Amino acid sequence: MSGPEHEFQAAIAAAGLTPPETINADGAIHRFSTNGKAGDDSGWYVLYLDGIAAGAFGCWRAQLQSTWCAKADNAMTPTERDAHRGRMAAMKAQRDADQAHRHQQARQAAAVILEKAGPARSHDYLTRKGIQPHGVKFNGTQLLIPMRDAAGTLHSLQSIGQDGEKRFHPGGRTTGCYFAIGRPNGTLIVTEGFATGASIHEATGQAVAVAFNAGNLQPVAVELHAKYPALKIIIAADDDWQSDGNPGKAKAHAAALAVAGLIALPQFGNGRQEKATDFNDLHQLAGLDAVRRCIDAATAPEPAATGNAGAVGGADRQAGCQKVPGDARDIEAVEPLAGGRE
């Protein structure tokens with residue numbers, strides 16, 4: 001392969017994706033594996049060669065998208081620029097249509113899988129994490145956790161194997177989708193993982209929305225704040241204290257700011273284990289009372305992130321927090337969160 005196809009392929013690789021071995025420059029959307037694994041089709045690309053060679057590519061799983069053109073915008077004539085922008089708009093329409101089709105297929109497949117599954121009663125993952133199933137399903141080997149939007153529409157599933165490996169159903173929408181545990185009664189807690197959410201609910205009795213990853217905390221919080229504007233929202237962060245930039249804390253901080261909510265972090269005290277990062281870890285190390293105290297100690301986020309320290313404000317505390325006065329509004333109970341478990 002040479003010429004524009006080779007340059008386009010190199011651009012895909014430069015974006016951190018595994019490019020397809022062959023590029024079809026026919027102006028149609030094509031899927032490919034972005035991680036080099038057989039059966040993966042989360043990557044997509046479109047490439048035109050007529051006129052100025054141009055294309056677009058991305059990965060649904062990584063929520064990445066980019067464009068490429070053989071000629072810089074400032075080197076184009078006005079006519080070429082207009083033609084290029086029209087082509088970019090056509091590529092976006094193709095991508096959006098393909099995404100909508102993938103989402104529809106995933107919704108239908110997830111519904112069939114969930115219908116065939118039974119209630120989870122025991123599973124190695126539940127035992128290892130010390131939590132109850134809270135309404136998740138079981139297909140004989142894996143836990144199946146429904147992912148729904150604020151209207152209750154099922155969009156996808158997360159599966160968890162006996163060894164704890166987590167996977168999302170291919171092609172399903174994840175942004176803004178969550179799994180709900182409990183009935184809101186004045187407070188709603190948004191957190192990352194299912195085990196973390198289960199520990200928080202078991203410790204506090206409060207409703208929890210499991211957002212599945214740090215990047216989805218803010219979309220879920222914003223969706224639920226729009227639906228339940230009277231509820232106090234607490235973002236229960238993972239404290240990724242050993243990771244650059246502490247993404248768990250940083251994303252939780254942004255989510256709390258977006259909904260004028262509070263943020264809570266697990267406190268492990270002195271002698272903290274390297275892999276102790278979330279509220280399920282705290283549950284297993286120090287018990288549910290320690291989890292509850294940290295949630296009760298939730299505080300308003302500061303206007304700017306405060307660095308990589310574990311505690312809000314940077315204080316080193318003993319495992320289990322002292323209560324900090326918060327916005328304890330007395331709000332009547334509302335309906336269960338869409339698609340959740342009371």
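Heavy-atom basis, side chains included; hydrogens, waters and symmetry copies ignored. Bear in mind the structure is a predicted one, so any value in this text is a computation, not a measurement.
Proximity of a side-chain donor or acceptor of D96 to a complementary backbone N or O of A93 within less than 3.5 Å is not detected. The closest donor-acceptor contact from the side chain of D40 to the backbone of T34 lies under 3.5 Å. Under the 3.5 Å distance criterion, the side-chain polar atoms of H30 are left unmatched by any main-chain donor or acceptor of G43. Judged by distance alone, the side chain of H169 and the main-chain N or O of I113 form no donor-acceptor pair under 3.5 Å.
For the side-chain hydrogen bond (donor to acceptor under 3.5 Å, both in side chains) test with Q105, the passing option among R107, Q108, H101 is H101; the others fail.
A donor-acceptor contact closer than 3.5 angstrom links the side chains of E202 and H134. Under 3.5 Å, the side chains of E80 and H84 contain no donor-acceptor pair of N or O atoms. With 3.5 Å as the limit, one finds no donor-acceptor pair spanning the side chains of Q158 and R167.
Here E274 pairs with Q242 under the side-chain contact (heavy atoms from CB on, under 4.5 Å) rule; sequence neighbours left out. Looking at residues two or more places apart in sequence or on another chain, you find a salt bridge (Lys or Arg N to Asp or Glu O under 4.0 Å) between R81 and D73. Residues forming a salt bridge (Lys or Arg N to Asp or Glu O under 4.0 Å) with K116 (at least two apart in sequence, or on another chain): none. For H225, there are no ring pair (Phe, Tyr, Trp, His ring centres under 6.0 Å) partners at least two apart in sequence or on another chain. With sequence neighbours left out, the side-chain contact (heavy atoms from CB on, under 4.5 Å) criterion links N213 to F168, N216. Partners of R102 according to the salt bridge (Lys or Arg N to Asp or Glu O under 4.0 Å) rule, which considers only residues two or more places apart in sequence or in another chain, are D41.
At least one side-chain heavy atom of R87 sits under 4.5 Å from a side-chain heavy atom of Y48. Between R128 and D124 the shortest side-chain heavy-atom distance falls below 4.5 Å.
A distance of 5.0 Å separates CD1 of I189 from CD1 of I234, quoted to the nearest 0.5 Å.
Contact check on R31 versus D98 returns a salt bridge, with a Lys/Arg side-chain nitrogen under 4.0 Å from an Asp/Glu carboxylate oxygen.
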